[in-house]
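Each residue takes its place number in the sequence, starting with 1.
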Amino acid sequence: MNYEPFLSAQGGRLRESAIRKMGALMAQTKDLVSFAPGYPAEDLFAWEALREIAHELLTGQDGKVLQYGATRGYRPLLDVVVGLMAERGIRSSVEQVIVTTGSQQGLDLVARVLCDPGDVLLVELPSYVGAISAFQNLGAELVGVPQESDGVDLDALASTLARLRAAGRRVKGLYTVPNFQNPTGLLVSQAKRRALLEWAAREDLLLIEDDPYRDLYFEDVTSAADTRPIAADDHEGRVIYLSSFSKTLAPGFRTAWLSAPAPLAARFELAKQSVDLCTSAFDQRMISEACRRGVLTAQLPRLRAAYGAKRRVMEAALTEHLAGRVTWPSPRGGFFLWTRLPDGVDATALLPVAVRHGVIYVTGDAFFVNGEGAAFIRLAFSAPSHERIQEGVRRLAAAITEVASTSARVPVSSPAAR
């Protein structure tokens, strides 16, 4: 039976995430070193502390632990989030915060509430693939703006907005990941963050600031000021701020948050009611207790040291096996190396060869909304052990060598033959 005639316009637009697709391939292939999904390292979860909290919560003394909860979130956790944001320099209140079922739901709620089909959102080139799918699946048109070494190219941002408005397009704002961006690892300069806020005020637009990696900085970050969120300097209510506990405590709890001006937060709450009624009460209790008992605070130095060491291992392996052939900007935090392939090697064409050699990654084109990215791959160093990182890079180097040598043997046709 053909079900296409039954699909809504939105149902027909839905596309599979490139990262989820890689996850399915991982499940089918034995002994595959995966640099694809940005999973936290499972051995770094606070297993003992979380086990103790779960045991206490599941005694049955408080039935609400497994009951439906408020759409906006568990009140003690909302208070925790307001406190965490205050530590980041962001002034907020319970009326502005909504607990979401992962940051992905937060992105979905933003798209549902702000974007009609055909509305334009500006995004960085490249940008987070999960945000791209959330916005596009709900009908928004994404227009990319190139990045410089310290963030979005402001001249390109201005000219892009002017071109869109001249064409009569309705632009809602810019989506940005300023701290250790997924996929590039880029840390946006404070000067450029202030410039973006000034731009949003001048042009009467919104900024959607996605900040899941802020606490995962390495020793190269000289001060907390380097990671100060854009929202910390927002005095007009221009910034919708998203963050998560997935990268610091555990993604299995699916607990994140969204903070927005109160009138928008009320709309996001209404949208959430129709999506899931509420985020898991048990998950929220677990996170709230972990924060209250200092588990999160104790975890952060451990995570920074561990992920910083993994970054160094991957960079050393790339230097050993692919020196002079691939390049990457060294990230100062986060989970990823954004790697440029040798000239003539296409990321998509390389992928089946890499899988045959036993390694996987995400192709760069998944992160671009303008068809670019064929020369890039995103390598996630967060989940594999040091030994698996080294082995995976060795396999990747073998695959690149094979594809590059094949490309070099392909004869170039003469102008007459064309």
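Counting non-hydrogen atoms of other residues, nucleotides and ligands closer than 6.0 Å to CZ of Arg165 gives a total above 12. Atom CZ of Arg340 is surrounded by 12 or fewer heavy atoms from other residues, nucleotides or ligands within 6.0 Å. The environment of Tyr217 atom OH is sparse: at most 12 non-hydrogen atoms of other residues, nucleotides or ligands sit within 6.0 angstrom. Remark: Asp116 CG is packed, more than 12 non-hydrogen atoms of other residues, nucleotides or ligands lying under 6.0 Å away.
Ion pairing between a basic and an acidic side chain is recognised when a charged N comes within 4.0 Å of a carboxylate O; Arg312 and Glu315 show no such pairing. A salt bridge links Arg395 with Asp31: the closest approach of a Lys/Arg side-chain nitrogen to an acidic carboxylate oxygen falls below 4.0 angstrom. Of the charged side-chain nitrogens involved, at least one lies within less than 4.0 Å of a carboxylate oxygen, so that Arg238 and Asp204 count as a salt-bridged pair. No salt bridge links Asp215 with Lys247; every basic N to acidic carboxylate O contact stays at or beyond 4.0 Å. Between Glu269 and Lys272 no salt bridge is recorded (no basic side-chain N to carboxylate O distance below 4.0 Å).
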Discussion item. Under the criterion side chain to side chain donor-acceptor pair (under 3.5 Å), I'd like the reasoning laid out for Thr176 against Arg193: C-alpha separation, chi angles, the key distance, then a yes or no.
Written reply: CA-CA 10 Å; Thr176 180; Arg193 296 179 196 220; over 6 Å; no
Item to complete: Check the pair Met85 / Ser243 against side-chain contact (heavy atoms from CB on, under 4.5 Å), numbers first and verdict last.
Response: CA-CA 10 Å; Met85 289 199 298; Ser243 195; over 6 Å; no
Worksheet entry | Chi angles and distances behind the side-chain contact (heavy atoms from CB on, under 4.5 Å) call for Asp233, Arg228 | CA-CA 9 Å; Asp233 297 305; Arg228 181 178 173 84; 2.9 Å; yes
Discussion item. side-chain contact (heavy atoms from CB on, under 4.5 Å), that's the test. Do His235 and Arg91 meet it? Break it down for me.
Written reply: CA-CA 9 Å; His235 304 297; Arg91 296 168 299 282; 3.0 Å; yes
Fill in: Audit row: His386, Lys310, side-chain contact (heavy atoms from CB on, under 4.5 Å) steps and yes/no
CA-CA 6 Å; His386 290 195; Lys310 290 189 176 191; 3.8 Å; yes
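Proximity of Pro126 to Glu372: side-chain heavy atoms (C-beta onward) are nowhere separated by under 4.5 Å. The shortest distance between side-chain heavy atoms of Pro40 and Phe45 falls below 4.5 Å. A heavy-atom distance below 4.5 Å is not found between the side chains of Leu207 and Asp234. Within the 4.5 Å cutoff, side-chain heavy atoms of Leu107 are placed close to those of Tyr128. Residues Leu84 and Leu296 meet the side-chain proximity criterion, which asks for heavy atoms closer than 4.5 Å. Side-chain contact between Arg254 and Thr279: absent, with no pair of heavy atoms (C-beta onward) separated by less than 4.5 Å.
In this structure, the separation between CG on Asp108 and OG on Ser103 is 12.5 Å, given to the nearest 0.5 Å. Between atom CZ of residue Phe35 and atom OG1 of residue Thr339 there is a gap of 9.5 Å, rounded to the nearest 0.5 Å. Put simply, CD1 on Ile377 and OG1 on Thr363 are 9.5 Å apart, with the number rounded to the nearest 0.5 Å. For the atom pair SG (Cys291) and CG (Leu249), the distance works out to 5.5 Å, reported to the nearest 0.5 Å. Note that CG of Asp119 and NZ of Lys172 are 4.0 Å apart. Values are rounded to the nearest 0.5 Å. The CG atom of Leu396 sits 8.5 Å away from the CE atom of Met314 when rounded to the nearest 0.5 Å.
Of all non-hydrogen atoms in Val82 and Ser92, the two that sit nearest each other are CG1-O, 3.8 Å.
With sequence neighbours left out, Ala271 forms a side-chain contact (heavy atoms from CB on, under 4.5 Å) with Leu109, Val113.
Checked against a 6.0 Å centroid threshold, the rings of Phe335 and Tyr307 count as neighbours.
Residue pairs satisfying the ring-ring contact (aromatic ring centres under 6.0 Å, His included) criterion with at least one member in residues 240-271, sequence neighbours excluded, are listed as follows: Phe245-Trp257.
Side-chain polar atoms of Ser127 and Glu124 form no donor-acceptor pair below 3.5 angstrom. Using a 3.5 Å distance cut-off with no hydrogens or angles, the side chains of Arg112 and Ser274 do not pair a donor with an acceptor.
Note that Arg214 lies outside the cation-pi zone of Phe180, set by a 6.0 Å cut-off to the ring centre and a 45° limit from the axis.
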